Amino acid sequence: MKNKEAEYREIFLAEALENFEEINRLLTQLEKNSQDKNAINALFRITHTLKGNASGMGYTGIAELAHVLEDLFGVMREGKIVVSADIFVNIFKGVDVLGNLIDAIKEPKEVKYKGIKTKLEVSTRKAQAGEVAASGFLEEKENDEPQLSPYRPEQNPTQASLSSDEADVSGEADTKLSFSDLVQVPVRKLDNLLNLVGELIIEKDRILASQAGQDVRRSSNEFARLSRISSDLQYSVMDVRLVQVGFLFNKFHRVVRDAASIEKKDVVLKLEGTDTEIDRNVLQVISDSLIHLIRNAVGHGIETPEQRTQSGKSPAGTVWLSAKNDTDAVIIEIRDDGKGLDYERIKSKALAKGLITADDAVRLNEQELSMLIFEPGFSTMDQVTAISGRGVGMDVVKKTLDSIGGTIKVISEAGKGTTLVLNLPSSMAVKSCLLLELGQEVYAIPLSYTESVISLYRADIHRAGGGLVATHLGKNIAVVFLRDVFASAHESTHGSNFLQHSFDQIHPETRLEIVVVNFNNRVVGFVVDKLLQQKEIIEKPLMKPVDKIKFISGVTILGTGKVCLVLNIPNLLHYIFNISAQGRAVKNINLN
Amino acid sequence: MSTNRIRTLLIDDSPFMRKVISDIICSDAEIELVGTAANGKEGGEMVGKLQPDVVVTDMVMPEYDGMYVVRSIMMSRPIPVILLSSLDKSNQRIFDALKGGAFEFIDKPADLDAESIRNYRLLDLIKEASRTDISLLAEPEKPKVNSSSHTFSEVLRYEIAVIGASTGGPGAIESIINNLPQNLQIPVVIAQHMPARFLETFAQRLNDHSPLNIRLAKKGEPLKAGIIYIAPGEQNMRIECNGGEPYVGFTTKKFEEFNYPSVNCLFESVAEVYKQKAIGVILTGMGKDGTTGLKKMKQAGGYTIAQDEDSSIVYGMPKAAVEAGAVTQTVRLKEIPGFIINCL
């Protein structure tokens, strides 16, 4: 019974959260057009369902609050209530409390709801007042049967035009017992499954490697099949973890509405590509960042209605949130039709904060300038507003994206608007990597960071400041011997020119294998001993006590049974640019 | 894998409720859940494909609701439909659906602990539904309201008629009331098993369609001839008398078979107050509420009638009464109004 209860609870919670979002979405829709009958009907139905489910689970708070909302929407449906801004304030408040109550199921906390419940009841009763007086039948009732509710709006659940987005449920006539075709699985179970699949893949690679060379003809067929099945399995499991971004996007109607109302701006949110699929964990990780970016678009991007009218735009601003697939990645764009980035102000702010030098200010192009907004402690808004925050957000957004191997780009046109382009991995579990050898160890660099692989002679590389530089595709790039970085990191006694250490020792005619990585517009060529192959790996996070190692993001096991370390490119670059910042050698080169 | 299990289809738009109700249905060895659907349209299609014996459907769903399910099933291949409702207030639509041929409605489970689930009547309802004669539900007769007068004798042999009903009762009661003469000379008191909040709408609807005055009984009001009183569902209703006119009383005393409103409670009080001057009628319904009350009425000299098996949607309460020897006469539903009048 205990298990069953827990199971019911999880299903209830999932559905309640879905209901909650839908309510928010519909409310914003209704607020824009208070005559939207479909929205009212759907709101009525959803609060109704939520109430029924909650009372089944014994969550009286949710049930009671959903109930008064249901009543209110019931009255609204019959047009007996004037849908005023005043009422919306209360409804939104009520819905927020409802959300808190739902959250409280997961993490018990005290949520007060009686106050808002009473307020909503009063609104409903006021609307009903005329009705009650008109019906003598009911008035009499009240005298001796106080437990009967004194009002009874007629309820005609006319058909709401909202399609249910649940999975299709088809019949299984032959099975003994049949259940819903939709199975809800806690994410941790999927994580576990994916882990096991990862281990299976590794084991498969190990078997294949150990058999290599031994009687290939007889067994190659079996191995091919094993390979195929295990890789099918891996992709199926990954597929299960994909969710539609609409799941997250739909939450933003409310975010935009709240942000706009605080800023006293008129903003419409438009969603595109909501059926694009992305790994659920990726979505979870970036959800807070997206909230921040959306709020920024409303707070910083969109102008006030007066300003907009002055510049010949429609008073209502638009924010687009769109998603699309791009091979292995998912691109999410947040676009607004606001005033665009003010590069001059960014420049002066960055100068004032000491993020760039006066030299840089002259030299930096717009793209580079726009990346400055992601620097810690940067904020262009002279006035800090409640919505856009205190400028602590953008660098956090950036860090979050770094942590999952995503990137962000800003495109802005003065007066026309700003577009933020987020490039996200569609799955966090499997990474395409480039395997390389360095000092007898095998390392992996995620392909999302690698720009190209080149091979240069020592003569093509030149000293510049404390570092090295080479010309690649007409651009100067910094070149770093990975070996030197590692050596410097654990000796921590690096001399002034330690980045040229290996360079000084090698023969002038040595051919060098270089992996060019790009992160945040910082391009560095890493010199390695040997390039091995491109391979999809299942990266496992580092466990305690080695989880604090900066240059390594995780590990995987190769078919040979060897451990392969996955390099943490963002941290590596950060380190390199920091240690060379004194001489500014590498940084200057990079900025060219 | 007995082929005799009752093949049941469940339609509900809430995954949570689907799971909860599925689990309840699957807990009974006699019932087989053949499928679940998320809305009325899908449900209607699955009925055609799976040919279930009984359909359990939510009332409020997007686009295609429970009403749609009832209509489409009754038009194509009539089978019993049980409605799930969690509407807190009276809902006209439930009655429309009942009228449209739905077997019965039941509240969604309000509590999921083992005890409440055990007491949840859905499983019994499904079983009764599977046994019912669908033709009784499929063709709801055109409501023909009797608006003519009847010439009553000057001295009536009976001073009250009491009626008890459960599953299938709303339709049966409507049919009886519609065929009573408009100059009815006695009070009629009815106890219909139904959640309290629906009874008010029930009474209202009956009243709207009949020239007779039909209303929920109120505490302390004296019974008047020609008025039809419906027992409200907050307490058990009884008829009391302190030497003067009999009047309406209530008690929170619980009765064994069914509570709020209990048919036994009403019948027993009528037997005490009216003795041989009462007619008792037990109509279609699950269980055996009314049997002991009707027996007391008969012992007190009253005339007792039971609806016959063929016309009963659920031949449970009438059967129990007949088997207990509490019934003077078994009568077809259509003939009950005339029979009552002729007794007077």
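Remember, predicted model here, so these are calculated numbers, not experimental data.
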Distance (rounded to the nearest 0.5 Å) between A:Glu15 CD and B:Lys19 NZ: 13.5 Å
Compare every heavy atom of B:Phe16 with every heavy atom of A:Ile11, then report the nearest pair and how far apart it is. CG2-CA, 3.7 Å
A:Lys37 atom NZ, over 12 foreign heavy atoms within 6.0 Å: yes
Checking A:Tyr113 now: which residues fulfil ring-ring contact (aromatic ring centres under 6.0 Å, His included) with it, not counting sequence neighbours? none
Are the side chains of B:Asp65 and A:Arg45 in contact, using a 4.5 Å heavy-atom criterion? no
Answer yes or no: does atom NZ of A:Lys32 have more than 12 heavy-atom neighbours from other residues, nucleotides or ligands under 6.0 Å? yes
Nearest-0.5 Å distance, CG of residue B:Asp58 to NE2 of residue A:His48: 6.0 Å
Of all heavy-atom pairs linking B:Ser14 and A:Thr49, the shortest is CB-CG2, 3.6 Å
